[in-house]
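First comes the structure, then the notes that go with it.
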2 protein chains.
Amino acid sequence: MHEPDPETVAQEVFATLADPTRRAILAALSAGGPATATDLAAQLPITRQAVTKHLTLLAEAGLVVAEPGERRRIRYRLDSGPMKVAQQFLAALARDWDSPLAALQDRLG
Amino acid sequence: MHEPDPETVAQEVFATLADPTRRAILAALSAGGPATATDLAAQLPITRQAVTKHLTLLAEAGLVVAEPGERRRIRYRLDSGPMKVAQQFLAALARDWDSPLAALQDRLG
DNA sequence: TCCTATTGCAACCATCTGATTGCTATCCAA
DNA sequence: TTGGATAGCAATCAGATGGTTGCAATAGGA
């Protein structure tokens with residue numbers, strides 16, 4: 001279940017980060033700390049249900065972690081792990097593009 | 001025209017890199033050097049027209065550059081510039097998430 | 001107990017997206 | 001001049017995506 005393939009992790013990170021609403025949710029969590037879907041919906045121009053859908057996608061990508069709390073409330077916390085994987089993926093790609101020899105070595109190795 | 005906003009550049013890079021077919025096109029260009037849409041279509045399981053659409057998106061994101069050659073043939077070459085911008089964007093995000101103080105400083109400064 | 005706040009789930013809808021087919025135009029070589 | 005290879009453009013289509021409304025369930029306070 002640990003999604004070991006960096007490209008798969010990176011792809012999910014790219015797909016989730018490509019949406020402005022999702023980035024806004026992440027920005028709100030970064031600015032205000034862990035929050036529930038209802039809290040986030042109050043700060044954004046979309047409904048709670050839409051926020052929940054985005055949080056589900058973000059959780060699948062590993063960018064947020066759901067933390068069950070008291071009174072059936074679920075708070076979401078940021079996790080930078082997958083983003084660091086994606087960042088390394090981008091760095092490796094840029095290196096390959098700038099150096100055909102490095103790309104060849106990567107494909108062989 | 002220089003798209004100075006890093007977040008805008010990063011968003012376009014994320015959107016284009018989220019698609020597997022587009023990554024396959026980039027991988028083919030990385031492995032075989034600059035190529036035309038027709039060349040790429042021969043290596044991929046999609047039509048030339050589909051490749052052209054993807055190349056147009058990639059060119060808008062700045063990840064490939066169109067190079068007009070002889071006999072009306074247009075070759076596409078990789079450019080890692082926008083990917084480096086996106087990588088820096090991811091690095092800054094990860095830093096903010098791991099350090100609320102850094103995030104606050106970024107918002108203020 | 002009853003009311004309010006919160007959550008989860010399903011149906012629905014409009015738009016975007018990735019891809020196709022079909023046609024036209026151009027270039028070069030036979 | 002005829003034909004083959006290449007490129008561009010438009011219409012079309014199925015499925016994914018982002019968002020909404022509506023409803024049922026549950027938990028806590030008045």
Side-chain angles (χ1 to χ4, degrees), chain A residues 7-29 32-77 82 86, chain B residues 7-8 10-29 32-77 82:
Chain A
E7 176 160 359
T8 302
V9 175
Q11 170 169 346
E12 292 185 353
V13 171
F14 296 152
T16 54
L17 256 49
D19 184 83
T21 300
R22 239 125 50 198
R23 286 202 309 280
I25 290 176
L26 295 173
L29 287 174
T36 66
T38 302
D39 293 338
L40 293 167
Q43 311 174 40
L44 296 167
I46 57 174
T47 61
R48 169 186 62 87
Q49 286 86 340
V51 171
T52 297
K53 288 186 182 179
H54 285 304
L55 284 172
T56 301
L57 292 177
L58 289 166
E60 285 173 0
L63 291 171
V64 302
V65 176
E67 295 184 325
E70 52 186 21
R71 203 180 160 182
R72 293 274 177 239
R73 290 173 65 93
I74 298 179
R75 291 171 49 162
Y76 291 87
R77 176 178 49 81
Chain B
E7 176 159 0
T8 302
Q11 169 170 347
E12 293 186 352
V13 170
F14 296 153
T16 53
L17 256 50
D19 183 83
T21 301
R22 238 126 48 198
R23 286 202 310 280
I25 290 176
L26 295 174
L29 287 174
T36 67
T38 301
D39 293 339
L40 293 167
Q43 311 175 40
L44 297 167
I46 58 174
T47 61
R48 170 186 61 89
Q49 286 85 341
V51 172
T52 297
K53 287 188 184 179
H54 285 305
L55 285 171
T56 300
L57 292 177
L58 289 166
E60 283 173 1
L63 291 171
V64 301
V65 176
E67 295 184 326
E70 52 185 23
R71 201 179 160 183
R72 292 279 175 234
R73 289 172 67 94
I74 298 179
R75 293 172 52 167
Y76 292 86
R77 175 178 49 81

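Here is the naming used below: chain letters follow the sequence lines, and residue numbers restart at 1 for every chain. In this text the structure is predicted, and so the values were computed from the model without any measurement.
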Just list the side-chain donor-acceptor pairs under 3.5 Å for residues 19-27 of chain A, sequence neighbours left out, or say none.
residue	atom	partner	partner atom	Å
A:Asp19	OD2	A:Thr21	N	3.0
A:Asp19	OD2	A:Arg22	N	3.0
A:Arg22	NE	A:Thr16	O	3.0
A:Arg22	NH1	A:His54	ND1	3.3
A:Arg22	NH2	A:Ala15	O	3.0
A:Arg23	NE	B:Glu7	OE2	2.9
A:Arg23	NH1	A:Leu17	O	2.8
A:Arg23	NH2	B:Glu7	OE2	3.3
A:Arg23	NH2	B:Gln11	OE1	2.6

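- The phosphate of D:dG18 (OP1 or OP2) has a side-chain N or O of A:Arg22 nearer than 4.0 angstrom.
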Report, as a single string ordered 5' to 3', how protein heavy atoms within less than 4.0 Å touch nucleotides 20-30 of chain D: B base, S sugar-phosphate only, - not at all.
BBB---SSS--

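- Spacing between atom CG of A:Leu55 and atom P of D:dG19 amounts to 12 Å, rounded to whole angstrom units.
- What you find for B:Ala37 and B:Val51 is that their closest heavy atoms are O-CG1, 3.8 Å.
- One can place CZ of A:Arg75 at 15 Å from C1' of C:dT6, the figure rounded to the nearest angstrom.
- Summarising the geometry, the separation between CG on A:Leu57 and C1' on D:dG19 is reported as 13 Å, rounded to the nearest angstrom.
- Rounded to whole angstrom, the span from the CG atom of A:Asp39 across to the P atom of C:dT6 amounts to 8 Å.
- If you measure from atom CD1 of A:Ile74 to atom C1' of C:dC9, you get 14 Å, rounded to the nearest angstrom.
- Across all their heavy atoms, A:Leu29 and A:Ala35 have their closest contact at CD2-N, 3.7 Å.
- Each salt bridge (Lys or Arg N to Asp or Glu O under 4.0 Å) pair with one or both residues in residues 43-58 of chain A, not counting sequence neighbours, would appear here, but there are none.
- Contact annotation: A:Thr21 side-chain N/O to D:dG19 OP1/OP2 distance is under 4.0 Å.
- Between A:Gly62 and A:Pro82, the shortest heavy-atom contact is O-CG, 3.4 Å.
- B:Ala41 approaches B:Thr47 most closely through the heavy-atom pair CB-C, 4.1 Å.
- Not one side-chain nitrogen or oxygen of B:His54 sits closer than 4.0 Å to the OP1 or OP2 atom of C:dT17.
- Between A:Thr36 and C:dT6 there is no side-chain N or O to OP1 or OP2 distance below 4.0 Å.
- When heavy atoms are screened at a 4.0 angstrom cut-off, A:Thr52 is found touching no nucleic acid atom at all.
- The interatomic distance linking A:Leu17 (CG) with D:dG18 (P) rounds to 13 Å, in whole Å.
- Looking at every heavy atom in both residues, A:Glu60 comes nearest to A:Glu12 through O-OE1, 3.4 Å.
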